Every structure is written in structure tokens, then in C-alpha cells.
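Here's the structure we're looking at; comments come further down.
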Amino acid sequence: MILAFAFLAGMTLVSALGVVLSRNVVHSALFMSGSFLGIAGFFVMLNAPALAAFQVLIYVGAVTVVILFGIMFTQRPQVRRYRTIIQRQHWPGFFVAVGIGAFLAYIVAIADWTGTGPGNGPRGVDALGNILLGVNGAPPIFGLLFEVASVLLLVAIVAAIVVSRRKTGEGVDRGVEE
Amino acid sequence: MSLDILNQEPFRFLLSVGVILFLVLNLAAVFTMAERKVSAYIQLRYGPNRVGPRGLLQPAADVFKLFTKENLSPGRADIWIFLAAPIAMFIPAALVWLVVPFAPNAVVADLNVAIVFFIAVTSIGALGLIMAGYGSRSSFSLLGALRGAAQMISYEVPLILSLLGVIMLSGSLSLVDVVEAQSGGFWHWYFLPQLPMFVVFYISGLAEARRVPFDLPEGESEIVGGFMVEYSGMTWGLIQAAEFASMGLISAITVTLFLGGWQPPFEFLDLGNFNWIWFGLKTALLVFTFQWIRWSVPRLRMDQLMDLGWKVLVPVCLVWLFVTAGLMLLLPSVF
């Protein structure tokens, strides 16, 4: 168990370092997927396979792929090298890092860690679904939050269509002679 | 006694992973053979018939040739990404087989979220595709990878939506539960009440496996080989193995979700412990339809691909989802 944890922790941390230190944007994005996979492994170790599957589906399968897609469409990733990722903005970066570190240390200090060992939380998809929808004893506010989140996503989709739509009358260039 | 030891946890898991790997790697060889024979018969010729009886040893000769060929890589390739890409494509395709139920009790890991696991792990395949296209540092490869990524992201949406009907009817995300809910004759299988979803899942499965008519990332007649144009030898072999493994996988998952898995079509045909024969027969039949389609339908254009995905498949899924939910509310006794 401890070996698996060490392997996953090493994989997550090394990949995270790779994201920051790599000079190549595409390498950074690929390192990021390695880090996400490590975190999915942690979820499996904590007896939450549903969370692990969603972590892989959303972060590795969708977010990283869309990021790579964006990089390849907007620039010529094969030529571009960023030399100054680290040198630029070190003071703001320093303060953000110290702030996050202090916040996490505070959380670790005040949290009650008894009884939160692996596998003690509510397990299985049915419990997760009940909590998400706020039914069967879960606070109903979660149901409202769930609905608000879905409305937000719907608005985002409609907005994306409105932004990317061609004006009427311009016609669609499909690359074929009409 | 020795069988009891094999049933203990670490041994059982390692043994079954070994069996799965053996199965997936051989599946690639068998499917290559089947692909060539089926294409030959559809085109009224013999196909490979020189190595062994009726050419049956042709896959062995192919694999031997691939192993002895040199692995070339372009001089300016991003060598680590270039070499990692076939692995990143093969491992997810092989991994999902862990949750496929072959017969009662014959499943490596009966996860309670097996359907989500299937979707999640297949979505990594797009990453391997982009890695292959980018790592080769060739225009054709990059074009193929961009097409492939767009296609796989778009068709994941109808793929997931078409699963929801089955999940609602069976009330479970476990593939074993889904199969058990379809027992008792072929009229209980989900392809009848979920016919539109079945068709959508089949089409998006074709697109996820990048089979003709959705082989735009490969597009041999326009971008010569797409994302895999620079690969040779066993790196190319691994990509092919991944493609065939995912084709078999899509068939197996379609059989599990919509065609009753290991359930026999009539109850008196129940073979007990040999019900995996039914599973194998149905999967083989679906693989044959994949190959049949390959030699009957021309490749789609990129805009037709996107139109089909977003303007036909997704609305059909959403409408049928509403119909299913409405019927389940109105007629709770039937479902």
C-alpha cells in the first residue's frame, strides 16, 4: 500500500514539476495529464473509483486534450520555445505560492483527521448521487446547487454558439466549389 | 487444491491480467487476418492463402516481419513523445477489457462504476493520438491528429448520451448488472426498447474506433496515413494492435449493453459455464459488420462528420432519453 502511495505521489509531483519546468508547452500539457492520472490513482486508493473515473474522464480525456488542441491551432508549437517561463513575474508568483502554502497548512492544522482513513467516507455511486441531488436525507440545498451549475453550463454553451456563429448572409465556406 | 490458490486475490488478478493481455494481443492478429479475408471475399478474390492452410498462419508471418523490421523515427521528431504515443494508445485499449464480463463470474474486476470506467479510459485514447501526431513532427501527422482529436471529442458526447437509456433501464453502472437485467430471451435485450440509442452507440463506436467511414485521422488517400505515417516496425504494430483492440472492445461493450452479453437468445439454449460462447459469437458478428461497413461505405468529409455528430446523433439521443424517462414514469409496471 505504502509502495503504491509512494509511486503515485512521485508520479504526481514529478509530473507537476515537469509542467512548470518544461520549456515546451506541449510537454507541459502532457506532464499535466500524468499528474492528473496520479491523482486519479489516489482516488482509487481511497476507495472512490467513481471519482477516479471522473477525474480521468474530465481532466485527462477532455481538459488536456482541449488544451493540446488549442495549442496546436493557435500557434506553431513545434518551433516555439519559452525560455522565460520562470524568470518572468517571480514576485507575484512567490506571493501566490506562499499564500496557498499558508492556507493549506492552516487547513491541515485545523482539520479533524480521526476517522478519515481510506474507505471511511460514503462509498459508491448511489450515495454520491443522493448527495449531489439532495435527496434521501442529504441537504436539499445541494439539489439547487446542482441545477444552478447545469444552468450555468447551458448558458456557457449558448454563449459559445453565439460568439462563434457566422453572421447571416456570409455563407459557409466548406472548401468545395458550389 | 492448486485451483484454490489461483483463486486467492493477488494470483487471481495477475492471472486474469495475463489472460486479458494474451487475448488482446492475439485479437489483433486474428482481426488482421479476418480483415484481409473479409475484404477479399467482398471484393471477389481469395486474400492471403499462401502461408499455412488457407492462409491461416499469415498473422504469424506478419508479426514476425514486424518484429524484425527496423523502428525508424524522423530525425527532427520529438523522440520521447514519438515513442510513448503507441504505448499511450495501446494501454487504454487493453485496460478496458478488465471490466468486460465474458460469462457469469468471468470478469476480472466487477466495478460498480464499470460504464464510467469504460468511458473514462477510452477518452485517454485521444491523447495518444495527439501525441503520435505531434511527436512525428510532420504535417500529415499533425493534420491527422487534429482531425482525430476533434472527431473523438465530438463523438464522445453521443457515445455517453446513448448509454444513459441503458443505465436508466437497468438502474446500475455495473456491466454485470446490465447483462443480468437482460436475461430471458432476446426480446428482453435492450436493443429493442433502446433501438435509436443502439444505432447511435454503434455509429459513435465506429467513430471512436476510427473505422471507415470515420477514418479521417488516417485518411490514406488524402493524408497518406495521418497520425501514423512516420511509424514503422513494431511501433506501427502496436498502434495497429491498439486499433484492433479498441474495435473488439467497442463490439464487446455494444454486445454487453444492448445485445444481452452472455445471455443466450432463447432460454433453452443456456450453456451454463460455456455461455461465453454466446458472448464470443455476438462480438464476432459485430466485428464482421464493422468490416462489412468498411468495404461498403465511403469516407465522410470533415464537415459531414461534425454535422452527423452534433446535428443528428446528439438530438436523437436527447429525444429518446426523454421518451425513455417519460415511459418509465407513465408505465412503471413495464420497466
Side-chain angles (χ1 to χ4, degrees), chain A residues 18 22-34 36-37 40 43-44 47-81 123-129 157 160-161 164 172-176, chain B residues 76-78 80-81 84-85 88 91-92 95-96 99 109-131 133-139 141-143 145-150 152-153 156-157 160 167 171-174 208 301-304 306-307 310:
Chain A
S22 167
R23 293 282 193 275
N24 185 320
V25 226
V26 176
H27 288 184
S28 290
L30 289 175
F31 271 125
M32 197 168 70
S33 68
F36 287 151
L37 282 178
F43 284 139
V44 172
N47 243 327
L51 271 185
F54 282 118
Q55 165 87 12
V56 172
L57 172 64
I58 296 171
Y59 286 98
V60 182
V63 170
T64 312
V65 170
V66 169
I67 286 178
L68 281 171
F69 207 60
I71 293 172
M72 288 185 185
F73 261 131
T74 49
Q75 45 192 315
R76 297 168 62 200
Q78 297 159 336
V79 223
R80 189 79 64 90
R81 283 281 192 283
R123 202 180 295 180
V125 256
D126 41 355
L128 185 73
I157 292 173
I161 293 173
S164 62
V172 183
D173 179 20
R174 289 192 160 149
V176 283
Chain B
R76 292 175 59 240
D78 204 326
W80 288 106
I81 297 186
I91 289 183
L95 207 59
V96 190
V99 296
D110 177 19
L111 292 183
N112 59 354
V113 286
I115 296 180
V116 187
F117 179 85
F118 154 68
I119 301 167
V121 178
T122 31
S123 73
I124 307 183
L127 202 63
L129 193 101
I130 295 187
M131 283 166 76
Y134 166 79
S136 312
R137 206 163 279 203
S138 132
S139 306
S141 311
L142 199 60
L143 265 177
L146 285 178
R147 285 179 175 192
M152 290 184 80
I153 292 177
E156 223 156 73
V157 178
I160 296 175
I167 296 176
S172 171
L173 287 170
S174 155
E208 282 289 311
R301 231 169 38 217
M302 195 68 196
D303 59 301
Q304 294 171 328
M306 289 297 152
D307 282 0
W310 290 104

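Below, chains carry the letters A, B, ... as their sequence lines are ordered, and counting in each starts from 1. Keep in mind the model is a prediction, meaning the values are calculated, not measured.
- The choice from S123(B), A145(B), A84(B) that makes the most heavy-atom pairs within less than 4.5 Å of chain A is S123(B).
- Only the side chain of M131(B) comes within less than 4.5 Å of a heavy atom of chain A; its backbone N, CA, C and O stay farther away.
- The shortest distance between side-chain heavy atoms of L30(A) and I130(B) does not fall below 4.5 Å.
- If you measure heavy-atom distances from A88(B) to chain A, you find no contacts under 4.5 Å at all.
- L37(A) touches chain B through its side chain: at least one heavy atom from C-beta onward sits under 4.5 Å away, while N, CA, C and O do not.
- For chain A, the nearby part of I81(B) is the side chain; its heavy atoms alone come within less than 4.5 Å.
- Residues V113(B) and F54(A) have side chains not in contact (no heavy-atom distance under 4.5 Å, counting atoms from C-beta outward).
- The side-chain heavy atoms of M32(A) and I67(A), taken from C-beta on, include a pair separated by under 4.5 Å.
- Ring orientation note: the planes of Y134(B) and H27(A) are nearly perpendicular, at an angle over 60° on the 30°/60° scale.
- Atom OH of Y59(A) has 12 or fewer neighbouring heavy atoms from other residues, nucleotides or ligands inside a 6.0 Å radius.
- Interface remark: I153(B) contributes side-chain atoms only to the contact with chain A (heavy atom separation under 4.5 Å).
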